[in-house]
K.L.:
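The structure is given below, and queries will be raised subsequently.
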Protein chains: 2
Amino acid sequence: MTDAASSTNSWFGEVDRFRTIVLNEGMSKLNTRKSIEEMADSLFYEKGFEATSFADVAAAVGISRGNFYHHFKSKDDILDAVITRRMNKTKEMLDAWDVGATPKGRIVSFIRILIANQTKIMAFGCPVGSLTTELAKLDHVAKDRAAEIFSLFRDWLAHQFKALGHGKDAADLALHVLSRSQGTAVLASAYGDGEFLKSEVVALENWLETLPNKQLVRG
Amino acid sequence: MTDAASSTNSWFGEVDRFRTIVLNEGMSKLNTRKSIEEMADSLFYEKGFEATSFADVAAAVGISRGNFYHHFKSKDDILDAVITRRMNKTKEMLDAWDVGATPKGRIVSFIRILIANQTKIMAFGCPVGSLTTELAKLDHVAKDRAAEIFSLFRDWLAHQFKALGHGKDAADLALHVLSRSQGTAVLASAYGDGEFLKSEVVALENWLETLPNKQLVRG
DNA sequence: GTCTATATATTGATAGAC
DNA sequence: GTCTATCAATATATAGAC
């Protein structure tokens, strides 16, 4: 696990359904906005966007609801900030994976997100997949922006497959890996089944290993 | 497409984001409950459970909100009825697929749900996967009952794989097919990408075709 | 920048007339 | 069985004191 990865609270960490009040005492002014983004990120993931109210976020951060609107003008405004935050965290994580690894090793890093985040995924599913699905149902303006988080992974994966010599099929292979990981998250969450999650990770790594070896490019 | 399948409004039919009022004139009393179940089923699928209000369902059915509570005592009560309805519709569909087909042909029928329901899946995802994910986040008591819809498919698929001679791996293969279809639905919905959906269906059918041929049992 | 108080709309749910 | 009227709670959002 990289530092960039472990700092992303919506992807990592322990499940806590009883989080209530996190006091804001002594917090600098600028950091209040960051705190709101961080807690909204967690709550949107763990409760869903619709089911999370301003009161929930305000209570979790430890500020009043009124103060809230000094930092964000609407709920959609927070959603936008959360999506931006997730994109930045994702970029940090992918950048960290790029250091000192082979293309195949990087793809394995991606696959093993499922293992690293197993507890949260079994409780809340995938933060990206569940958000895009909810925003699709709401016909929300931010739906496409949320899908761009997927695109960060997709393009990064395609880049790795290109490095492995799958120039022509790289985009398809990237979407395939993304799709397999999404299905695993949905079922692991529905059943709370960690063994299934692990077995699908093994199956996906085996699939990767038995891909036709086009060529090996050090990247 | 079977009759049982095409009568399930939450799985089939055209996307209609502008459905508003469906008049209830001349409807018999007993059918009002059924109408509520049917509209709630559609709306829970298309808007999500949390985002669907009593007013939404009542307006769609064409009754007043007050009348609503004569048929259901709470929102959770409707959810329960919707889950029961979906389980019954699923059983009808699987029973229909059992008639006059080989085990492999039946599995193909399942895989091609993605094609048959492509329009709705691209707009709203999979009705089962999206509901279980939402209920998991809400920590809802009906979460496990919703997952039982998955189990109907899982057990039915496992039965087909057993008939194909995969006695030992039948359960794992069933979950794998379920997982692949879920991932396809999530990404097809996030991107609104029908070409990706079709290509994953082809890939899944190819996977099925290249499975080691254990034995062929007519079922 | 943060708070309390408040406005307004909508939520799930109830009471009682017809 | 269906309706109108209404409830209490909560939602997003605003106004203004400190």
Side-chain angles (χ1 to χ4, degrees), chain A residues 20-41 43-44 46-83 134-135 137-142, chain B residues 20-41 43-44 46-83 134-135 137-142:
Chain A
T20 46
I21 296 180
V22 177
L23 288 181
N24 200 30
E25 297 169 22
M27 179 177 298
S28 75
K29 304 96 196 184
L30 254 168
N31 283 345
T32 298
R33 186 189 161 96
K34 289 252 176 197
S35 294
I36 293 174
E37 290 179 5
E38 186 178 327
M39 292 311 306
D41 190 348
L43 289 169
F44 288 176
E46 299 177 10
K47 298 186 62 172
F49 173 68
E50 272 282 303
T52 301
S53 68
F54 279 21
D56 291 330
V57 181
V61 175
I63 60 171
S64 68
R65 277 168 293 167
N67 186 7
F68 205 97
Y69 289 85
H70 180 73
H71 301 278
F72 296 92
K73 75 173 195 291
S74 69
K75 196 178 181 185
D76 287 353
D77 216 37
I78 303 176
L79 176 59
D80 215 57
V82 166
I83 292 174
E134 183 178 3
L135 295 184
K137 287 179 194 290
L138 296 175
D139 210 13
H140 198 287
V141 286
Chain B
T20 48
I21 296 179
V22 177
L23 288 181
N24 200 29
E25 297 171 22
M27 181 178 296
S28 76
K29 304 93 195 183
L30 255 168
N31 283 344
T32 298
R33 187 189 159 94
K34 289 254 174 195
S35 293
I36 293 174
E37 288 179 7
E38 186 179 326
M39 291 311 306
D41 189 348
L43 289 170
F44 287 177
E46 300 177 9
K47 298 185 62 173
F49 173 68
E50 272 281 306
T52 300
S53 67
F54 279 22
D56 292 330
V57 181
V61 175
I63 60 172
S64 68
R65 274 170 295 170
N67 186 6
F68 205 97
Y69 289 86
H70 180 74
H71 301 277
F72 296 92
K73 73 173 197 291
S74 70
K75 195 179 180 183
D76 287 354
D77 217 37
I78 304 177
L79 176 60
D80 216 56
V82 165
I83 292 174
E134 183 178 3
L135 295 183
K137 287 177 194 290
L138 296 175
D139 210 14
H140 198 285
V141 286

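Hydrogens, waters and symmetry mates are skipped; everything else that's a heavy atom, side chains included, is used.
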K.L.:
Would you say a side-chain N or O of B/S74 is under 4.0 Å from OP1 or OP2 of C/dG12?
P.N.:
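So the side-chain polar atoms of B/S74 never come under 4.0 Å of the phosphate oxygens OP1 or OP2 of C/dG12.
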
K.L.:
Grab the CZ-C1' distance between A/F49 and D/dA11 for me, whole Å please.
P.N.:
12 Å

K.L.:
Let me confirm one number: the CD-NZ distance from B/E37 to B/K34, rounded to the nearest 0.5 Å.
P.N.:
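Rounded to the nearest 0.5 Å, the CD-NZ separation comes out at 6.0 Å.
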
K.L.:
What is the distance, rounded to the nearest whole Å, between atom CD1 of A/I78 and atom C1' of D/dT12?
P.N.:
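Atom CD1 in A/I78 sits about 10 Å away from atom C1' in D/dT12.
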
K.L.:
Can you tell me how far C1' of C/dT10 sits from CD of B/E50, to the nearest Å?
P.N.:
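After rounding, the reported distance stands at 13 Å.
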
K.L.:
Distance from B/F49 atom CZ to B/K75 atom NZ, nearest 0.5 Å?
P.N.:
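If I round to the nearest 0.5 Å, the distance is 4.5 Å.
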
K.L.:
Once you round it to whole Å, what is the distance between C1' of C/dT14 and NZ of B/K75?
P.N.:
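The answer, rounded to whole Å, is 18 Å.
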
K.L.:
Verify whether one side chain among B/S74 and B/D77 offers a donor that lies under 3.5 Å from an acceptor in the other.
P.N.:
no

K.L.:
Can you tell me how far CG of B/L79 sits from CG of B/L135, rounded to the nearest 0.5 angstrom?
P.N.:
5.5 Å

K.L.:
Starting at the 5' end of DNA chain D, which residue's closest nucleotide do you reach first, A/A51 or B/F68?
P.N.:
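It is B/F68, whose closest nucleotide lies nearer the 5' terminus.
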
K.L.:
Send over the distance from B/K73 NZ to C/dA13 P, rounded to a whole Å.
P.N.:
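After rounding, the reported distance stands at 10 Å.
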
K.L.:
Which nucleotide sits closest to the side chain of A/Y69: D/dT12, C/dT2, D/dT4?
P.N.:
D/dT12

K.L.:
Round to the nearest Å and state the distance from A/N67 atom CG to D/dA15 atom P.
P.N.:
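Result: 16 Å.
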
K.L.:
Rounded to the nearest 0.5 Å, what separates atom OG1 in B/T32 from atom NE2 in B/H70?
P.N.:
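Interatomic distance, B/T32 OG1 to B/H70 NE2, rounded to 0.5 Å: 9.0 Å.
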
K.L.:
Given C/dC3, D/dT2, C/dT11, identify the nucleotide with an atom nearest to the side chain of B/R65.
P.N.:
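Among C/dC3, D/dT2, C/dT11, the one nearest the side chain of B/R65 is C/dT11.
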
K.L.:
Can you figure out which of D/dG1, C/dT4, D/dC3 approaches the side chain of B/I63 most closely?
P.N.:
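Nearest nucleotide to the side chain: D/dC3.
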
K.L.:
Give one of base, sugar-phosphate or nothing for B/F54, where a contact means two heavy atoms less than 4.0 Å apart.
P.N.:
sugar-phosphate

K.L.:
Output the rounded distance in Å from NE2 (B/H70) to C1' (C/dA15).
P.N.:
15 Å

K.L.:
Give B/S53 one of three labels, base, sugar-phosphate or nothing, depending on what nucleic acid heavy atoms sit under 4.0 Å from its own.
P.N.:
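Sugar-phosphate only.
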
K.L.:
Figure out the CZ/P separation between B/R33 and D/dT2, and round it to whole Å.
P.N.:
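Whole-Å distance recorded here is 13 Å.
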
